[in-house]
Protein chains: 2
Amino acid sequence: MDTKTKILNAAENLFADKGFTGTSLREITSAAEVNLAAVNYHFGSKKELIKALMKRYLDVLSPELEGALLRVMEKNDDLSLDQVFEAFVEPLLTLNTLKEQGTSNFLQLLGHSYTDSQGFLRWFITTNYPGIIDNFVLAVHKAYPQLSSEDMFWRLHFTMGTAVFAMSSTSALIDIAQNDFDSEVDIEGVIRRLIPYVASGVGAKSH
Amino acid sequence: MDTKTKILNAAENLFADKGFTGTSLREITSAAEVNLAAVNYHFGSKKELIKALMKRYLDVLSPELEGALLRVMEKNDDLSLDQVFEAFVEPLLTLNTLKEQGTSNFLQLLGHSYTDSQGFLRWFITTNYPGIIDNFVLAVHKAYPQLSSEDMFWRLHFTMGTAVFAMSSTSALIDIAQNDFDSEVDIEGVIRRLIPYVASGVGAKSH
DNA sequence: GCCAAAATGAAACATGCGTTTAAAATGCCA
DNA sequence: TGGCATTTTAAACGCATGTTTCATTTTGGC
């Protein structure tokens with residue numbers, strides 16, 4: 001395996017677990033068994049390494065997700081919000097074919113990208129992959145046409161917050177949950193618990 | 001104003017905005033117009049400063065919240081989840097009497113305490129103020145007895161994430177919302193939009 | 001097999017961090 | 001007012017970070 005890939009893999013695992021600011025290049029290069037200077041040689045900087053990491057997943061996820069949302073809109077005449085959110089599951093799980101724990105790693109990275117580093121990654125994602133949000137809004141509107149655009153605005157942000165927060169603290173929560181309920185929990189389990197929650201939240205009756 | 005209070009106020013604003021790890025003692029002491037060493041002199045360490053900060057709010061919020069939850073449980077024979085979450089509003093808004101933007105600052109700090117610093121603050125809060133969570137769980141259980149304790153666990157954390165994320169991006173979102181819908185929105189308005197969302201999420205049918 | 005290009009390695013650099021030190025200033029009470 | 005405890009100050013300490021340098025080794029095409 002070449003150095004670049006070794007770095008990407010080691011960085012992904014560490015970043016997902018401990019966040020971007022919480023992981024040093026020395027930890028990464030040590031885990032990858034490469035020289036410290038290799039990161040700056042191959043990627044330019046820590047920021048560029050992070051971008052490359054996200055790009056590896058987003059380039060796969062983005063078209064899959066847009067397709068899945070379009071398909072679920074075409075097929076179902078009376079679309080439910082649960083179906084809209086279900087459309088996320090399969091594209092997300094295909095990320096496991098890219099790398100072991102790919103889905104979990106990506107979602108945790110996404111979570112960290114919203115809370116770490118003054119959100120420079122949020123900007124990177126929303127400007128480079130706008131199709132995801134656009135299709136998502138369309139699908140929600142089709143499933144719940146009565147929802148005012150103002151409620152739509154707020155609830156989409158609430159949903160994003162719920163998902164992102166859940167993902168960035170998933171490893172800690174899974175530990176607690178396994179101690180308290182000694183039940184096996186994985187990332188897919190969390191996703192499937194998330195769906196009824198956010199679908200119900202978005203579908204709430206307006207007051 | 002004495003040095004200790006100047007530090008607390010400056011630290012609160014900066015921590016709420018940029019997180020604990022994202023804010024240095026030099027920024028804080030500079031904003032507070034006190035000497036760098038004052039933090040370690042008056043509080044002992046950065047960690048103790050953070051604890052003192054949270055304590056200032058939690059000592060007020062905790063009894064208020066416990067009382068409000070007990071009251072809403074006693075009064076209503078047929079309790080709804082909306083009523084449970086409504087019980088949070090007034091105690092949270094009283095934090096604005098402690099300090100300008102107190103409610104918003106506290107909720108943002110709470111959010112950072114879950115994502116920053118390997119969750120040592122989460123431990124601090126749950127072990128020092130168990131009454132909040134206990135009464136909340138009781139109230140939710142009374143309003144929705146069929147909910148399993150495992151679903152309760154996850155939805156409680158989803159809810160916290162939703163609230164925390166909403167609050168941490170509130171100022172930015174309020175600006176956008178006022179431009180797009182020219183409607184007046186403030187913290188209380190966001191909280192009141194949040195209630196039906198999280199109540200509906202917690203109340204979702206289990207799959 | 002040679003040589004330029006690419007990659008690696010060890011070390012140092014510059015910076016920012018939380019914390020500590022010890023002297024100076026201030027406050028307070030006898 | 002004198003003296004002692006409290007507080008403030010400027011400076012430095014030790015450490016970890018991302019990045020850069022430059023010598024060395026490895027690689028790939030002619």
Side-chain angles (χ1 to χ4, degrees), chain A residues 1-56 108-109 112-113 115-124 168, chain B residues 1-56 109 112-113 115-124:
Chain A
M1 197 190 311
D2 67 342
T3 301
K4 228 170 152 170
T5 312
K6 283 199 280 186
I7 293 175
L8 281 174
N9 287 337
E12 178 181 316
N13 291 329
L14 287 165
F15 280 149
D17 191 34
K18 314 168 48 171
F20 300 120
T21 58
T23 305
S24 71
L25 293 185
R26 281 166 180 81
E27 291 180 81
I28 293 170
T29 52
S30 170
E33 295 178 310
V34 301
N35 189 270
L36 168 62
V39 170
N40 287 280
Y41 177 77
H42 286 285
F43 296 94
S45 68
K46 188 179 181 181
K47 267 193 181 177
E48 291 301 319
L49 167 63
I50 296 173
K51 282 194 202 170
L53 217 47
M54 298 304 288
K55 187 171 155 53
R56 190 162 66 153
Q108 288 181 245
L109 292 174
H112 291 305
S113 74
T115 52
D116 283 14
S117 64
Q118 312 103 246
F120 93 91
L121 249 178
R122 171 168 39 193
W123 171 86
F124 171 74
S168 62
Chain B
M1 198 189 306
D2 67 342
T3 302
K4 227 170 153 170
T5 312
K6 280 199 281 187
I7 293 175
L8 281 172
N9 287 336
E12 177 181 318
N13 291 329
L14 286 165
F15 279 149
D17 192 32
K18 314 167 50 170
F20 299 121
T21 58
T23 306
S24 71
L25 294 184
R26 283 166 178 80
E27 291 179 82
I28 293 170
T29 52
S30 170
E33 295 180 309
V34 302
N35 188 272
L36 167 62
V39 170
N40 287 280
Y41 177 78
H42 285 285
F43 295 94
S45 68
K46 188 180 181 180
K47 267 192 180 178
E48 292 299 320
L49 167 63
I50 296 172
K51 284 193 201 169
L53 215 49
M54 298 306 286
K55 188 172 155 52
R56 190 161 67 153
L109 292 175
H112 292 305
S113 74
T115 52
D116 283 13
S117 62
Q118 311 103 246
F120 93 92
L121 247 178
R122 171 166 41 193
W123 172 87
F124 170 75

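All figures in this text were calculated on a predicted structure; none of them were measured in a lab. The sequence lines fix the lettering, A, B, ..., with proteins before strands; numbering per chain opens at 1.
Nearest heavy atom pair, residue B:Leu14 against residue B:Ile28, reads CD1-CA, 3.7 Å. Shown here for B:Val34 and B:Ala38, the closest heavy-atom pair between the two residues is CG2-CB, 4.1 Å. Looking at every heavy atom in both residues, B:Glu48 comes nearest to B:Phe43 through CB-O, 3.1 Å.
Distances from the side chain of A:Tyr41 to the nucleotides D:dT19, D:dT8, C:dA7 place C:dA7 closest. Distance from the side chain of A:Asn35 is smallest to C:dT8 among C:dT19, D:dG18, C:dT8.
For the pair B:Glu33 and B:Leu36, nearest-nucleotide mapping onto DNA chain D gives the more 5' position to B:Glu33. Both A:Val34 and B:Glu27 sit near DNA chain C, but only A:Val34 has its closest nucleotide nearer the 5' end.
Within the structure, every side-chain polar atom (N or O) of A:Thr3 is placed at least 4.0 Å from both OP1 and OP2 of C:dA7. In this structure, A:His42 reaches the C:dT8 phosphate: one of its side-chain N or O atoms is under 4.0 Å from OP1 or OP2. Residue A:Ser45 places none of its side-chain N or O atoms closer than 4.0 Å to OP1 or OP2 of D:dG18. Residue B:Ser24 places none of its side-chain N or O atoms closer than 4.0 Å to OP1 or OP2 of C:dG16.
For the pair A:Ile50 CD1 and D:dT19 P, the interatomic distance rounds to 10 Å; values are reported in whole Å. In this structure, the NZ atom of A:Lys46 is 11 Å from the C1' atom of D:dA16, given to the nearest Å. In this structure, CZ of A:Arg26 is placed 7 Å from P of D:dG18, rounded to the nearest angstrom. One atom, CG of B:Leu14, and another, P of C:dC17, lie 12 Å apart when rounded to the nearest Å. Here D:dT17 presents its C1' atom at 17 Å from CZ of A:Phe20, a figure rounded to the nearest Å. A straight line from CG of B:Asn40 to C1' of D:dT6 spans 17 Å, rounded to a whole angstrom. We find that CD1 of B:Ile28 is positioned 10 Å from P of C:dC17, with the value rounded to whole Å. Following rounding to the nearest Å, B:Leu25 (CG) and D:dA10 (C1') show an atom-to-atom distance of 17 Å.
The environment of B:Lys55 atom NZ is sparse: at most 12 non-hydrogen atoms of other residues, nucleotides or ligands sit within 6.0 angstrom. Applying the 6.0 Å contact sphere to NZ of A:Lys4 captures no more than 12 heavy atoms from other residues, nucleotides or ligands.
Using a 4.0 Å heavy-atom criterion, one finds that A:Ala37 contacts the bases of the nucleic acid, with or without backbone contacts as well. When heavy atoms are screened at a 4.0 angstrom cut-off, B:Thr23 is found touching the sugar-phosphate backbone but no base atom.
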